[in-house]
Amino acid sequence: NAGVMQNPRHLVRRRGQEARLRCSPMKGHSHVYWYRQLPEEGLKFMVYLQKENIIDESGMPKERFSAEFPKEGPSILRIQQVVRGDSAAYFCASSPAGVNTGELFFGEGSRLTVL
Amino acid sequence: DQQVKQNSPSLSVQEGRISILNCDYTNSMFDYFLWYKKYPAEGPTFLISISSIKDKNEDGRFTVFLNKSAKHLSLHIVPSQPGDSAVYFCAASPGRGGSQGNLIFGKGTKLSVKP
């Protein structure tokens, strides 16, 4: 399966712990995006990355959240000192270079529950 | 303030009939409009899109209409099938006003197609 792969699919953390979510883009895609979906809401853009570069992080909370897309390996969304309000589904998407029509390929999501 | 609004949280339609899902937006600078379909516990999948310079795009049973003066778009599914039952998200791409992949999503409309 050459689709966008996210893991873990489900993650449970206690308040104050760290959450790390991983995303491997589709083969041939060099652009990665992270979105968050809160219950009963639409998806909200968080960050757009290319290899070793953060292109747009305008949707990232100012504190506790960070993202990277290293030269080798998956993209990682890291949430430090999680709080209950971080409970959500986090979706990763990818696209090939040069696509600006908005068509993104999404993974199945990682569902974070903070106790 | 929501820039993309889907005012109907749910819609129920009989199999074989037409489903019409509506979406309103506020920003006249949006470049592309897209519809994504989402099944439970899966990621959104791209369905169809339309450029802001067009007023109609058709792909099989799916047609999207864009009315720029009313800042309104709609997705028509004809004929509707039980497998179309899913949540449909309307999304807009900011184009030159924002970065690639920074889509703005509505909250979704849950479509149920009854056999």
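Chain A is the first sequence line, chain B the second, and so forth, proteins listed ahead of strands; every chain is numbered from 1. Keep in mind it's a predicted model, so treat the numbers as computed, not measured.
Rounding to the nearest 0.5 Å gives a distance of 11.0 Å between CD of A:E103 and CD1 of B:I48. Atom CD of residue A:Q37 and atom NZ of residue B:K38 lie 5.5 Å apart, to the nearest 0.5 angstrom. Distance CG/A:L104 to OG1/B:T45: 12.0 Å, rounded to 0.5 Å. Atom CD in A:E41 sits 4.0 Å away from atom NZ in B:K107 (nearest 0.5 Å). Atom CZ in B:F105 sits 11.5 Å away from atom CZ in A:F45 (nearest 0.5 Å).
More than 12 heavy atoms of other residues, nucleotides or ligands shown are found within 6.0 angstrom of CG on A:L115. By the neighbour-count criterion of 12 heavy atoms within 6.0 Å, atom CZ of B:R61 is densely surrounded, having more than that number from other residues, nucleotides or ligands. More than 12 heavy-atom neighbours from other residues, nucleotides or ligands sit within 6.0 angstrom of CD on B:Q81. The number of heavy atoms from other shown groups lying within 6.0 Å of NZ (A:K51) is above 12. Atom NZ of B:K54 sits in a sparse spot, with 12 or fewer heavy atoms from other residues, nucleotides or ligands closer than 6.0 Å.
In this structure, the side chain of A:Y33 does not engage the main chain of B:L103 through any donor-acceptor pair within 3.5 Å.
Residue contact with chain A, scored on non-hydrogen atoms closer than 4.5 Å, is absent for B:F33.
Of all the listed residues (A:K44, A:E40, A:R111), the one sharing the greatest number of non-hydrogen pairs under 4.5 Å with chain B is A:R111. Note on A:F105, A:F91, A:Y35: by heavy-atom pairs under 4.5 Å with chain B, the leading option is A:Y35.
Under the rule for a side-chain hydrogen bond (donor to acceptor under 3.5 Å, both in side chains), B:R17 has no partner lying at least two apart in sequence or in another chain.
By the criterion of side-chain heavy atoms lying less than 4.5 angstrom apart, applied directly or through intervening Ile, Leu, Val, Met, Phe, Trp or Tyr residues, A:L21 is not grouped with A:I76; the two fall into different hydrophobic clusters. Clustering ILVMFWY residues whenever any of their side-chain heavy atoms sit less than 4.5 angstrom apart, transitively, puts B:F62 in the very cluster that holds B:W35.
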message: Pair A:L43, B:Y36 - check side chain to side chain contact (heavy atoms under 4.5 Å, CB included), show working.
response: CA-CA 11 Å; A:L43 283 77; B:Y36 281 83; over 6 Å; no

Check your understanding: Can you list the steps and then say if B:F46 with A:F106 is a side chain to side chain contact (heavy atoms under 4.5 Å, CB included)?
Key -> CA-CA 9 Å; B:F46 171 76; A:F106 282 87; over 6 Å; no

